Amino acid sequence: LQAAGVDRVLALELHAGQIQGFFGVPLDDLSALKVFVRHLEGAGLGGRNSVIVAPDPSGTDRARALAERLGCALAERLGCALAERLG
């Protein structure tokens, strides 16, 4: 990218902060957390009837932040993004 003249990189939801070290130019890691929260709350999801799932260990921090904002439980490594709790 630098050879092509890029002098700054904008990224969305990097999986690990270490990725920034691969770039020799400034990198801004943007978060979509607020957008997800607004969308899920607007769809009536969240609270005690929903579970946020981290599909792998690298997604746990982001999943935890989302679960806290929505007031949901957090599950790890189940391979999906959002599951509606039944019952």
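Reckoned from all heavy atoms, side chains included, excluding hydrogens, waters and symmetry mates. Just so you know, these numbers come straight off a predicted model, no measurement behind them. Position 1 is the first residue of the sequence; numbering continues from there.
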[X]: what forms a side-chain hydrogen bond (donor to acceptor under 3.5 Å, both in side chains) with it, not counting sequence neighbours?
| X | answer |
| --- | --- |
| Arg69 | none |
| Glu13 | Ser31 |
| Asp7 | none |

- Task: Considering only Ile, Leu, Val, Met, Phe, Trp and Tyr, and joining two whenever side-chain heavy atoms are under 4.5 Å apart, list the other residues clustered with Leu12.
- Result: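 Other cluster members: Leu30.
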
- Could you tell me whether the side chain of Val51 reaches within less than 4.5 Å of the side chain of Val53, counting heavy atoms only?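 Of all side-chain heavy-atom pairs linking Val51 with Val53, at least one is under 4.5 Å.
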
Going from [atom1] on [X] to [atom2] on [Y], what distance comes out if it is rounded to the nearest 0.5 angstrom?
| X | Y | atom1 | atom2 | answer |
| --- | --- | --- | --- | --- |
| Phe36 | Leu45 | CZ | CG | 13.5 Å |
| Asn49 | Cys72 | CG | SG | 9.0 Å |
| Leu33 | Leu70 | CG | CG | 8.0 Å |
| Leu74 | Ser50 | CG | OG | 13.0 Å |

- side-chain contact (heavy atoms from CB on, under 4.5 Å) partners of Val9, counting only residues at least two apart: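 Testing Val9 for side-chain contact (heavy atoms from CB on, under 4.5 Å), a comparison that skips the adjacent residues, returns Leu1, Val6, Phe23, Val25, Leu27.
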
- Please name the pair of heavy atoms, one in Ala73 and one in Ala67, separated by the smallest distance, quoted to 0.1 Å.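 In terms of heavy atoms, the two residues are closest at O-CB, 3.9 Å.
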
- Query: Which residue pairs pass the side chain to side chain donor-acceptor pair (under 3.5 Å) test when at least one of the two sits in residues 32-47, sequence neighbours left out?
  - Reply: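 Every candidate side chain to side chain donor-acceptor pair (under 3.5 Å) pair involving residues 32-47 fails, so no pair, neighbours aside, qualifies.
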
